[in-house]
Q: 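Could you have a look at this structure, given as structure tokens, before my questions?
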Amino acid sequence: MIKAKKSLGQNFLIDKNILKKIVNSTKIENKSILEIGPGTGNLTSYILSQKPREITVIEKDSNLIKYLRDIFGEKINIINKDILKVDETLLSKEKLTVFGNLPYNISTEILCKWILSLKDNFWFDYLILMFQKEVADRIISKSNSTNYGRISILANWKLKIKKICDIKPSSFSPRPKIDSSLLIFTPKYNFYKINAHNLEFITRTFFSHRRKMLKKPYNKIFNGNLDISKKYKIDLNLRPQNLDFDTYYKLTKEYENLIK
Ligand code: SAH
């Protein structure tokens, strides 16, 4: 028996219906698969049953490596590393389908890292990742809702996002304290050509005071020049959550023109 390590966020999926739902969320047959945080291989078995062309797993816990090798032998490529330290673009020549039931904090960190480092050529065609439900709700939310914020704007910039399902603590062993959600991300090839760090700067400035009017952060960024707010018909008495995705991308573009 493998004893779950709390420090590595080990909550193993044991619910067969959920495992089936995960592998049915996208086509696996003949695809190159990357699984991050395979743990004891519960999801790995389900993925293998769908006949992928190849599967690589990245697991940080060295104690699990021998265990995985004993079960799966040569059927999987195993990399014993921290996913945050891997250059994912070097893993395969094919576009990858990625599955990850990682610790919640790592899911968010890796998603942001990937979005920030993405070039025009996407190295994946599907990302299927588990999040704490509350964070997933923020990632998928649209303007004019209380959950809308920096991570929704960043994620929706380059990715189409859909929720596959919510997952109860009882589907895991040991049980986590909170609900989870599984999201599926696919590339948006026609995303706004802006710099990721500028987009981060713009959203950070606008969302530094969620409840305050747009006036102050706007004036800070555009030095009190109202031309851009007029051009996009932005009412500066609104709050940051009232501006839709596109407006944030356009404002970033205008900011880039200004500092060029
Ligand atoms: N996917 C499995 C295990 C989930 S538990 C299942 O659903 O049953 C999360 C797994 O991620 C654990 O095996 C843990 O060791 C691994 N992990 C945690 N941090 C990691 C990191 N930074 N890089 C790679 N794997 C990590």
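Read the numbers this way: they start at 1 and go in the same order the structure lists the ligands and their atoms. Only this structure's heavy atoms are used, side chains among them; waters, hydrogens and symmetry mates stay out.
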Q: Taking 4.0 Å as the limit for heavy-atom contacts, which would you say applies to N101 with ligand 1: side chain only, backbone only, both, or neither?
A: both

Q: So for ligand 1, is Q10 a polar contact partner (N or O within less than 3.5 Å, distance only)?
A: yes

Q: Below 4.0 angstrom from a heavy atom of D61, which ligand 1 atoms are there? Numbered from 1 as shown, please.
A: 15 (O)

Q: Given D70 and K66, is the salt bridge (Lys or Arg N to Asp or Glu O under 4.0 Å) satisfied, shown in steps?
A: CA-CA 6 Å; D70 284 348; K66 188 179 169 306; 3.0 Å; yes

Q: Is N11 near ligand 1, meaning one of its heavy atoms is under 4.0 Å from it?
A: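 Yes, N11 has heavy atoms under 4.0 Å from ligand 1.
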
Q: What are the two closest non-hydrogen atoms of F207 and I153, and how far apart are they?
A: CE1-CD1, 3.5 Å

Q: Return a yes/no value for E59: is any of its N or O atoms, backbone included, closer than 3.5 angstrom to an N or O of ligand 1?
A: yes

Q: Please confirm whether G37 comes within less than 3.5 Å of ligand 1 when only nitrogen or oxygen atoms on both sides are compared.
A: yes

Q: When you look at NZ of K162, are more than 12 heavy atoms from neighbouring residues, nucleotides or ligands closer to it than 6.0 Å?
A: no

Q: Under 4.0 Å from ligand 1, counting heavy atoms only, is it the side chain of L64, its backbone, both or neither?
A: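 For L64, the contact with ligand 1 is made by the side chain alone.
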
Q: Does any N or O of ligand 1 fall below 3.5 Å from an N or O anywhere on I36, backbone included?
A: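 The answer is no, given that I36 and ligand 1 share no N or O pair closer than 3.5 Å.
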
Q: Is any side-chain heavy atom of L183 closer than 4.5 Å to one of L129?
A: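 Not in contact.
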
Q: Between L13 and ligand 1, is there a nitrogen or oxygen pair with a distance under 3.5 Å?
A: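 Yes; at least one N/O pair falls below 3.5 Å.
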
Q: Give a yes/no verdict on whether any heavy atom in K81 is under 4.0 Å from an atom of ligand 1.
A: yes

Q: So if I count the atoms of ligand 1 from 1 in the order they appear, which ones are less than 4.0 Å from some heavy atom of P103?
A: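 Selected atoms, number and element: 11 (O), 18 (C), 19 (N).
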
Q: Any heavy-atom pair between the side chains of I78 and T56 that's under 4.5 Å?
A: no

Q: I need the single residue from T97, T26, T186 that forms a side-chain contact (heavy atoms from CB on, under 4.5 Å) with D125. Which is it?
A: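 Answer to the side-chain contact (heavy atoms from CB on, under 4.5 Å) test with D125 among T97, T26, T186: T97.
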
Q: Within a distance under 4.0 Å of any heavy atom of G39, pick out the atoms of ligand 1 and give their elements.
A: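 Matching atoms, with element in brackets: 3 (C), 13 (O).
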
Q: L243 and S143: which non-hydrogen atoms are nearest, and at how many Å?
A: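 L243 and S143 have their closest heavy atoms at O-CB, 3.6 Å.
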
Q: Is it true that the NZ or CZ of K193 lies under 6.0 Å from the centre of F191's six-membered ring and within 45 degrees of the ring axis?
A: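 Yes, a cation-pi geometry holds between K193 and F191.
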
Q: In this structure, does ligand 1 have an atom that sits under 4.0 Å from one of the heavy atoms of E35?
A: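 Within the 4.0 Å threshold, so yes.
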
